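Heads up: the structure comes next, in structure tokens.
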Amino acid sequence: MRHVVTISASYGAGGAFIGPAVAEKLGVPFLDRAIPVAVADDLRIPVEDALSRDEQVQGWLTRVLSAAAPASADWMIGVTPPPGALLPDAHFNACTERAIRAGIREHGGVILGRAAAIVLRDHATALHVRLHGDPDRRVRQAMELLGVSEREARDAMTRNDSARTAYVRHYYRTDPAGAEHYHLVLDSTRIPIEDCTELIVKAARARSRVHAEPA
């Protein structure tokens, strides 16, 4: 069975831990770095350039805002921009969508972030999951999981959540936290990560089973 699961996770909700665990239990790929690699190949640019445009990167919002500012003279005179730097964001977004669809075509997969629930909203068997939780609890969980200080966790949460919300609103004109995009919404700060993993795996298998049954 080619299970497909998309996971949208707020910072500190444990998506980077739950995603790979779900993929392993379902026997499908965890499509994370493979997506920007595919984008880089599609656009014929270095992987580092594709990674800098990826939705998972916390600096996405800052870069988009700065792109609206006039280019400096230093940039225009005597400086060769890095490959891909002048490509519009829409090019990267379109390539990311193609990479997501191509990535799951043969073996299925688990995709973390990248608005995959919206990109694959019409997929017949995909399970779309949202991981969230109270901000204070997410900060504490990030401190435990990532070994960072409270200040680092709070700063990262603000940057990360803002950037990912901006990404979805910019390209898809919708709120990534809207429950209408998901089959399953979990507070992964109150339900242990291991149990969240099991719930998602069971839901993914159930969704695939229901689709396979004759009408």
Side-chain angles (χ1 to χ4, degrees), residues 1-37 54-58 96 99-101 103-121 123-148 152-153 156-157 160-161 163-165 167-168 176-213:
M1 186 69 68
R2 294 178 296 178
H3 299 287
V4 175
V5 178
T6 72
I7 299 177
S8 170
S10 301
Y11 180 85
F17 296 85
I18 293 173
V22 169
E24 182 178 1
K25 288 181 177 293
L26 290 175
V28 298
F30 178 56
L31 301 172
D32 191 34
R33 186 175 172 84
I35 293 175
V37 167
D54 194 65
E55 181 261 3
Q56 299 290 71
V57 176
Q58 296 176 5
T96 297
I100 288 171
R101 295 189 179 100
I104 64 168
R105 188 171 296 132
E106 187 173 353
H107 302 294
V110 175
I111 303 165
L112 178 63
R114 302 179 175 91
I118 299 170
V119 175
L120 298 178
R121 58 184 173 271
H123 191 282
T125 63
L127 176 75
H128 304 307
V129 180
R130 171 76 173 170
L131 302 176
H132 197 53
D134 173 79
D136 287 337
R137 294 183 67 88
R138 287 192 283 125
V139 165
R140 289 197 295 272
Q141 181 157 276
M143 292 169 63
E144 294 173 4
L145 293 175
L146 304 176
V148 297
E152 289 173 321
M157 181 176 68
N160 192 292
D161 288 355
R164 292 182 180 182
T165 297
Y167 180 93
V168 176
E180 67 273 15
H181 302 306
Y182 310 102
H183 302 106
L184 189 63
V185 178
L186 296 171
D187 184 341
S188 53
T189 68
R190 295 181 184 273
I191 301 173
I193 283 179
E194 295 79 5
D195 295 298
C196 286
T197 299
E198 291 297 336
L199 286 169
I200 295 169
V201 168
K202 289 181 180 179
R205 288 172 174 162
R207 183 150 170 76
S208 296
R209 184 174 62 251
V210 168
H211 180 77
E213 292 175 352

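Just so it is clear, the structure is predicted and the values come from calculations on it, not from any experiment.
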Subject >> Nearest atoms (heavy-atom pairs only) where A204 meets L127 >> reply: N-CD2, 3.6 Å
**OP:** Taking all heavy atoms of P29 and all of G108, pick out the closest pair and write down the distance.
**Re:** CD-O, 3.4 Å
Subject >> Chi angles and distances behind the side chain to side chain contact (heavy atoms under 4.5 Å, CB included) call for R205, L26 >> reply: CA-CA 8 Å; R205 288 172 174 162; L26 290 175; 3.8 Å; yes
Subject >> G12 versus T189, closest heavy-atom pair with distance >> reply: O-CG2, 4.4 Å
Subject >> Sub-4.5 Å side-chain heavy-atom contact between F17 and L146 >> reply: yes
Subject >> Side-chain touch H132/R138, heavy atoms, less than 4.5 angstrom >> reply: yes
Subject >> Under-4.0 Å salt bridge between R140 and D134 >> reply: no
Subject >> Contacts of type salt bridge (Lys or Arg N to Asp or Glu O under 4.0 Å), residue D136, not counting sequence neighbours >> reply: R154
Original post:
Do the side chain of H183 and the main chain of H128 share a donor and acceptor less than 3.5 angstrom apart?
Top reply: yes
**OP:** Show your working on side chain to side chain contact (heavy atoms under 4.5 Å, CB included) between L112 and F30 and close with a plain yes or no.
**Re:** CA-CA 8 Å; L112 178 63; F30 178 56; 4.0 Å; yes
Original post:
How long is the gap from NZ on K25 to CD1 on I200, to the nearest 0.5 Å?
Top reply: 11.5 Å
Original post:
Does I118 reach the side chain of H181, with side-chain heavy atoms less than 4.5 Å apart?
Top reply: yes
Original post:
How would you list, by chain and number, every residue that makes a side-chain contact (heavy atoms from CB on, under 4.5 Å) with P192, sequence neighbours excluded?
Top reply: E194, D195
Original post:
Say you draw a straight line from CZ of R207 to NE2 of H123; how long is it, rounded to the nearest 0.5 Å?
Top reply: 9.0 Å
Original post:
Any side-chain heavy-atom pair from T6 and R114 closer than 4.5 angstrom?
Top reply: no
**OP:** Find the distance between CD1 (I111) and CD1 (I7) and round it off to the nearest 0.5 Å.
**Re:** 10.0 Å
**OP:** May I ask you to check whether over 12 heavy atoms, not counting those of E180, lie within 6.0 Å of atom CD?
**Re:** yes
**OP:** Can you see which heavy atom on Y11 is nearest to which on A153, and at what distance?
**Re:** CE2-O, 3.4 Å
Original post:
How many angstroms lie between atom OG of S8 and atom CG of L131, to the nearest 0.5 angstrom?
Top reply: 7.5 Å
**OP:** Compare every heavy atom of A13 with every heavy atom of I18, then report the nearest pair and how far apart it is.
**Re:** CD1-O, 4.0 Å
Subject >> Interatomic distance, I35 atom CD1 to I100 atom CD1 [nearest 0.5 angstrom] >> reply: 5.0 Å
**OP:** Find the distance between CG (L186) and CZ (R130) and round it off to the nearest 0.5 Å.
**Re:** 11.5 Å
Original post:
Do R2 and V28 touch side chain to side chain, with heavy atoms closer than 4.5 Å?
Top reply: no
Subject >> Where L31 and G109 come nearest, the two heavy atoms and their spacing >> reply: CD1-CA, 4.3 Å
